[in-house]
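Right, one structure below, let's go through it.
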Amino acid sequence: MVDFLFYLFALITVLGAGAVVLSRNPVNAAMLLIVSFMGTASLFVTLGAYFLAAVQVAVYAGAVIVLFLFIIMLLNVDAAEQFRPDYVTFAGGLIAAALMILGTLKLFERGENFTLLTLQELDPVGVSTQSFGMELFTTYMLPFQVAGILLLIAMLGVVFISKRDKETRKDAA
Amino acid sequence: MNYPQLFLTTLPELIVVLGMFVALGFDYTKYKELDPQTRSNKVAALSTIALMLGLAGVVWQFLQVTDGSKTFSNSFNGQVVLTPLTLWFKGLIFVLALFVVQFAKTDVPNKHVSEYFGLILLSTLGMGFLITAQNLIMLFVSIELISLSLYGLTAFQTDKKFSVEAGIKYFTIGGVSSAFLLFGLSYLFGATNELSFEGITAAITSGAAPQNYVLIASAFLVVGLGFKIAAAPFHLWAPDTYQCGPVPVAAWVASGSKIASFFLLVQLFGPVLETSEQKETLIAGIVLVSVLSMVLGNIGALRQSCVKRLLAYSSIAHAGYILIGLVAANEDGSISVLFYAVIYSLATLGAFATIGIIDSRLGREAQIDDFNGTWKQNPGLSILFMIFILSLAGIPPLSGFFGKFYLFMAAIGSQPEIASWSEGFYWLVAVALLMSAVSLFYYVKVLKAFLVSADTPKLPSIQITKAEGAGLLLLAVLVVYLGIYPTGLVEFIAASLG
């Protein structure tokens with residue numbers, strides 16, 4: 001049963017991601033990305049990582065996609081022009097995909113006796129939301145704070161990239 | 001969780017962050033009405049004070065650790081590992097940041113002065129954290145801290161099309177490389193179930209981790225970190241970033257972030273390469289990257305007329321040389337990589353700073369022709385530039401020569417029983433020597449314009465500020481000193497690695 005669910009959700013994820021790339025309309029692409037994210041969230045659920053699944057839906061499928069849509073609509077992007085990859089690009093992509101598939105097959109062929117553990121087996125206390133929060137603010141306090149500084153960089157970047165001075169605006173006009 | 005201890009451990013970083021907020025606050029309120037140059041000087045002064053206090057913190061920690069104090073023995077599962085070696089390199093990063101701030105203050109690209117210095121300080125923090133990080137989560141967060149600040153800094157000249165283009169190029173390629181890195185890190189975690197380098201190395205050497213997963217992880221890590229050190233074939237962002245970003249930023253990308261990335265490479269790959277079963281495959285991959293970098297970098301530099309672009313290609317070539325030390329896969333190799341990263345950064349920072357000074361006085365990008373006869377008007381600047389360039393070219397007795405010597409000796413010495421030239425790393429060293437000879441051509445071409453060209457000088461006599469002059473002089477003295485007396489640093493690195 002779990003196997004069947006894994007293949008189902010993996011298929012949804014991969015097909016969704018493929019449709020994002022192939023879609024000509026940016027708004028459709030963003031919507032299809034939600035499908036892919038939902039597939040990933042379901043995979044997290046099958047692994048027992050419920051909190052991660054919820055975050056995946058709330059943050060990625062929710063907030064990030066809304067931001068994408070805002071930008072697409074603000075910039076008023078029409079359906080992308082017909083993209084015709086030249087033969088070199090096409091061949092490059094094909095070779096990369098073939099290598100990836102080959103590598104994955106090889107990986108499983110030589111997979112030794114390596115069994116994947118579910119999260120509960122791995123760390124019985126570490127999967128609840130509470131223990132996640134505890135870990136985040138104790139063991140991983142420092143990386144958490146540094147991630148906060150990362151957001152500060154984004155703020156500084158917005159200030160100098162998007163703020164126009166009065167003079168430069170006159171020049172541009 | 002011991003919060004007071006975490007506070008003491010990250011004290012230098014906290015000081016710098018605090019200093020950055022003070023600088024931002026003053027710039028947004030009290031200095032608001034001043035003209036950009038005055039603001040730049042004031043904010044640079046505040047940043048300098050913050051960095052100096054931070055450096056004092058690092059020195060204090062260094063003295064504590066070398067005294068054998070146990071205050072910093074808790075590394076928080078490898079998140080901040082304070083040893084004499086990591087603290088020395090962190091101190092070096094802070095010193096280089098001090099230089100960059102001095103070079104940056106005379107020519108701030110636009111009115112957003114405090115953001116400019118703020119981003120320089122934040123990238124300094126990231127490099128410091130990366131050097132002390134021996135934990136996958138901390139590693140990735142600090143790499144992103146460096147990368148994001150550098151993307152922003154590269155695109156800082158928002159009124160110049162090429163600066164923005166370089167920023168976007170750097171951002172896109174850097175983003176993809178971060179994805180590769182993260183993918184590799186997640187494989188590494190999946191295979192070993194460990195986050196700290198110590199645990200990962202133990203899991204790999206004991207054979208608990210499945211070897212083919214480790215190999216895949218390493219391949220992705222080579223790609224991801226290859227972007228960060230600008231090694232071919234992952235070098236495509238480097239020429240544009242170095243040429244079109246603000247010059248102090250290019251200097252900072254080429255020096256500080258290189259030291260931090262190579263330090264990480266040694267920390268991460270050193271133990272794996274010495275022991276892993278997949279050593280052969282991994283070394284073959286790194287050798288390929290190294291040869292490609294040396295060839296593409298040096299050949300590419302031959303035809304450049306813009307000096308910054310030339311230095312960008314030369315930095316690709318230097319990444320190739322440094323990787324030779326990594327494939328030696330022994331302690332000598334690690335020592336030589338760290339030593340070369342230090343002296344390369346000093347020399348390249350000096351060279352970029354000189355070009356930055358010339359560019360800002362010239363009001364445009366300096367081509368090699370622009371330097372014709374600079375010797376007559378600016379003898380001091382010419383001599384300093386000559387020292388930096390000759391060190392990059394690897395001419396004895398400057399430090400660049402000894403750096404290369406140690407790298408090549410480490411590679412040859414890694415397989416002492418081999419006699420034929422086609423075995424071991426003899427051929428790799430031969431390629432490197434050949435490429436060094438090629439590089440001499442373009443380095444000397446630049447120097448010829450500076451020193452012996454008979455044309456009338458295009459550049460007027462250049463007034464440099466005291467801070468710039470002192471910075472350049474200090475860098476040149478360090479480059480010469482480490483050439484004449486390299487054993488001090490090499491022995492220190494060797495003692496602290498072991």
Side-chain angles (χ1 to χ4, degrees), chain A residues 17 47 52 92 96 99-119 121-123 126 133-172, chain B residues 1-3 6 9-10 13-14 17 20-21 24 28 76-77 79-80 109-116 118-119 122-123 125-126 129 133 135-142 144-145 147-153 155-159 164 167 187 190-191 193 195 209-213 215-216 219:
Chain A
L47 285 171
L52 208 55
L99 277 179
M100 190 76 201
I101 291 171
L102 218 78
T104 316
L105 288 178
K106 202 84 184 152
L107 193 68
F108 281 105
E109 191 181 297
R110 292 166 60 184
E112 297 156 30
N113 34 21
F114 183 61
T115 45
L116 289 167
L117 304 171
T118 66
L119 274 182
E121 286 167 316
L122 207 60
D123 187 3
M134 281 300 289
E135 286 288 296
L136 194 62
F137 287 102
T138 55
T139 318
Y140 300 107
M141 184 68 183
L142 186 59
F144 181 72
Q145 298 290 348
V146 177
I149 294 181
L150 273 179
L151 297 179
L152 179 72
I153 296 180
M155 268 168 61
L156 291 179
V158 166
V159 170
F160 74 78
I161 287 176
S162 60
K163 192 179 168 226
R164 293 264 175 272
D165 303 319
K166 277 170 196 153
E167 293 102 273
T168 48
R169 192 177 289 164
K170 252 178 241 163
D171 291 346
Chain B
M1 191 67 191
N2 189 343
Y3 290 107
L6 185 64
T9 310
T10 54
E13 279 83 5
L14 290 174
V17 169
M20 189 205 64
F21 278 118
L24 276 175
Y28 286 164
F76 303 98
N77 195 22
Q79 286 172 15
V80 224
N110 53 35
K111 286 184 172 176
H112 301 291
V113 175
S114 52
E115 287 90 355
Y116 191 55
L119 286 179
L122 288 179
S123 56
L125 286 192
F129 275 133
N135 177 298
L136 296 187
I137 292 182
M138 201 56 206
L139 179 166
F140 187 70
V141 173
S142 27
E144 284 305 285
L145 190 57
S147 306
L148 283 175
S149 351
L150 292 183
Y151 303 151
L153 283 170
F156 211 89
Q157 293 163 295
T158 37
D159 53 337
V164 177
Y187 259 96
N193 194 19
L195 281 173
Q211 293 296 327
N212 41 355
Y213 282 77
L215 184 64
I216 289 200

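Since we're looking at a predicted model, the values are computed, not measured. Throughout, a chain's letter reflects where its sequence line sits, starting with A, and its residues are numbered from 1.
In this structure, chain A has a heavy atom under 4.5 Å from the side chain of B/F129, while its backbone stays farther away. Within the 4.5 angstrom heavy-atom criterion, only side-chain atoms of B/V17, from C-beta onward, approach chain A. Neither the backbone nor the side chain of B/S114 has a heavy atom closer than 4.5 Å to any heavy atom of chain A. Proximity to chain A (any heavy atom under 4.5 Å) is shown, for B/L145, by both the backbone and the side chain. When heavy atoms are compared at a cutoff of 4.5 Å, B/L148 approaches chain A by way of both its backbone and its side chain.
Atom CZ of B/F21 sits about 4.5 Å away from atom CG of A/L152, to the nearest 0.5 Å. If you take CZ on A/F160 and CG on B/L153, they are separated by 6.5 Å, rounding to the nearest 0.5 Å. Summarising the geometry, atom OG belonging to B/S142 is positioned 9.5 Å from atom CG belonging to A/L150; distances are rounded to the nearest 0.5 Å. One finds the CE atom of B/M20 at 7.5 Å from the CD1 atom of A/I149 (value rounded to the nearest 0.5 Å). Distance check: A/L156 CG to B/L24 CG gives 6.0 Å after rounding to the nearest 0.5 Å.
The side-chain contact (heavy atoms from CB on, under 4.5 Å) test with A/P143 singles out one residue from B/N135, B/L136, B/I137, and that residue is B/I137.
Contact annotation: the side chain of A/V146 never approaches that of B/E144 to less than 4.5 Å [non-hydrogen atoms, C-beta and beyond]. Side-chain contact between B/Y3 and A/M141 is present, with at least one heavy-atom pair separated by less than 4.5 Å.
Residues passing the side-chain hydrogen bond (donor to acceptor under 3.5 Å, both in side chains) test with B/S123, sequence neighbours excluded: B/W252.
Contact record, A/A147 with B/V141: N-CG1, 4.0 Å, taken as the closest heavy-atom pair. Scanning all heavy atoms of the two residues, the minimum distance from B/H112 to A/V159 falls at CE1-O, 3.9 Å.
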Pair A/Q145, B/T10 - check side chain to side chain contact (heavy atoms under 4.5 Å, CB included), show working.
CA-CA 11 Å; A/Q145 298 290 348; B/T10 54; over 6 Å; no

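Looking only at distances, a side-chain donor or acceptor of B/Q79 sits under 3.5 Å from a matching main-chain atom of A/T139.
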